[in-house]
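Below is one structure, written out as structure tokens; the observations come after it.
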Amino acid sequence: MSLLALLDYAAVLVFAITGALVASRAQLDIVGFAFIACLTAVGGGTIRDLLLDRNPIFWIETPSMLGVAIVAALVVFFTAHLLESRFRTLIWLDSLALAVAVAAGVGVAMSQEQSAPIIIVMGMITGCMGGLMRDVVVGQLPLVLTQGELYASAALSGAAVAVLLAPYFDGTLYPLLACAATTWVLRAGSLYFGWHLPVYKSTPPKS
């Protein structure tokens with residue numbers, strides 16, 4: 001299995017679990033679990049492949065990825081009640097999924113020899129869009145838009161690190177590992193230590 005395929009499988013699995021956890025919090029039925037899990041798992045990668053004119057789209061080329069997402073949804077459906085805090089589990093698994101998916105998006109764009117800005121944008125899209133779709137569909141504030149937290153900025157930083165390191169290595173393994181590590185450390189730091197970006201605060205107009 002290639003590194004890109006491995007990253008896609010890992011991102012699909014972890015994002016599917018987060019989708020199913022969101023479905024459990026929304027108290028959906030088992031079909032709803034499968035739908036939200038699949039949407040979350042393949043949403044970002046699908047947009048990436050469409051924008052890059054990658055044919056076939058990754059999960060159409062490898063339908064077993066949908067199977068992975070559905071199995072993950074079924075497991076969560078029968079076990080989510082065992083978790084002490086589904087939201088806490090969700091946000092930490094989401095941070096891991098973000099890191100892996102950003103690296104997957106960066107790797108695909110690099111394999112097509114895209115320019116640095118496109119590589120960075122594809123990494124961000126792959127990492128952020130699945131979770132954004134998941135949260136919007138169930139009617140909750142998307143994690144990517146949580147006030148001040150490092151999310152899209154973590155994805156951007158991780159993708160940028162990969163772009164900066166790529167010229168110094170043969171192959172993409174080490175740049176992609178650095179991408180995933182940077183993304184996760186920043187996102188985890190935001191969750192655990194409260195790292196955040198400045199938030200706009202309006203001021204009353206001067207009289």
Side-chain angles (χ1 to χ4, degrees), residues 7-48 58-59 63-105 123-158 180 183-197 199:
L7 287 171
D8 272 335
Y9 267 110
V12 162
L13 174 61
V14 186
F15 261 137
I17 295 172
T18 71
L21 285 172
V22 168
S24 74
R25 286 167 50 81
Q27 297 184 316
L28 302 183
D29 61 26
I30 195 166
V31 175
F33 268 66
F35 174 77
I36 298 298
C38 289
L39 177 67
T40 311
V42 305
T46 299
I47 296 175
R48 171 201 69 201
F58 76 108
W59 57 268
S64 58
M65 291 190 182
L66 288 179
V68 169
I70 291 171
V71 170
L74 294 176
V75 170
V76 173
F77 183 82
F78 290 108
T79 61
H81 65 282
L82 300 175
L83 295 172
E84 182 177 347
S85 172
R86 277 175 281 175
F87 182 71
R88 186 169 181 81
T89 303
L90 164 64
I91 60 174
W92 281 102
L93 280 175
D94 187 83
S95 72
L96 177 60
L98 175 69
V100 176
V102 171
M124 294 178 67
I125 286 173
T126 310
C128 298
M129 291 306 295
L132 180 63
M133 293 177 186
R134 171 198 67 205
D135 296 341
V136 168
V137 167
V138 299
Q140 67 180 36
L141 177 68
L143 289 177
V144 67
L145 298 179
T146 302
Q147 190 179 63
E149 288 191 5
L150 304 183
Y151 198 105
S153 50
L156 185 152
S157 299
T183 303
W184 187 80
V185 167
L186 290 174
R187 178 61 181 149
S190 184
L191 294 173
Y192 192 79
F193 296 109
W195 299 345
H196 64 277
L197 296 173
V199 176

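Residue indices begin at 1 and follow the sequence shown.
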Rounded to the nearest 0.5 angstrom, the CG-CD1 distance for Leu21 and Ile36 is 12.5 Å

Any side-chain heavy-atom pair from Leu145 and Asp135 closer than 4.5 angstrom?
no

Side-chain (Thr146) to main-chain (Glu149) donor-acceptor, under 3.5 angstrom:
no

Short side-chain to backbone donor-acceptor contact, Ser190 and Leu186, under 3.5 Å:
no

I need the minimum non-hydrogen distance between Leu156 and Met124, along with the two atoms involved.
CB-SD, 3.7 Å

In terms of heavy-atom contacts, Phe15 and Ala41 come closest through CB-CA, 3.9 Å

Side chains of Thr183 and Ser157: closer than 4.5 Å at any heavy-atom pair?
no

Using a 4.5 Å cut-off on heavy atoms from C-beta on, say whether the side chain of Thr46 contacts that of Met129.
no

When you look at Phe58 and Tyr9, which way does the side chain to side chain contact (heavy atoms under 4.5 Å, CB included) test go after all the steps?
CA-CA 10 Å; Phe58 76 108; Tyr9 267 110; over 6 Å; no

Report the C-alpha separation of Trp184 and Ser95 in whole Å, then their side-chain angles, then the decisive distance to 0.1 Å, and conclude whether the side chain to side chain contact (heavy atoms under 4.5 Å, CB included) test is met.
CA-CA 6 Å; Trp184 187 80; Ser95 72; 3.1 Å; yes

Which atom names give the shortest non-hydrogen contact between Met65 and Val12, and what distance separates them?
O-CG1, 3.4 Å

So CG of Leu98 and CD1 of Ile91: to nearest 0.5 Å the spacing works out to 13.0 Å

With side-chain contact (heavy atoms from CB on, under 4.5 Å) as the test, pick out the partner of Leu7 among Val102, Val100, Thr126.
Val100

Keeping the roles fixed (side chain from Arg187, backbone from Leu150), state whether a donor-acceptor pair exists under 3.5 Å.
yes

Whether Asp94 side chain and Thr18 backbone form a donor-acceptor pair below 3.5 Å:
no

SG-CG distance between Cys128 and Leu143, expressed to the nearest 0.5 angstrom:
10.5 Å

Would you give the length of the straight line joining atom CD1 of Ile17 to atom CG of Leu93, rounded to the nearest 0.5 angstrom?
6.0 Å

What's the shortest heavy-atom distance between Leu66 and Trp59, and which atoms?
CD1-CE3, 3.6 Å

Rounded to the nearest 0.5 Å, the CD1 atom of Ile125 sits from the CZ atom of Arg48 at a distance of 10.0 Å

Please report the closest heavy-atom contact between Gly148 and Val199, naming both atoms and the distance.
CA-CG2, 3.7 Å

Can you check whether Ala16's main-chain N or O pairs, donor with acceptor, with Thr40's side chain at less than 3.5 Å?
no

Separation between CG of Leu191 and OH of Tyr151, rounded to the nearest 0.5 Å
9.5 Å

Between Tyr192 and Trp92, which heavy-atom pair has the shortest distance, and what is it?
CB-CH2, 4.1 Å

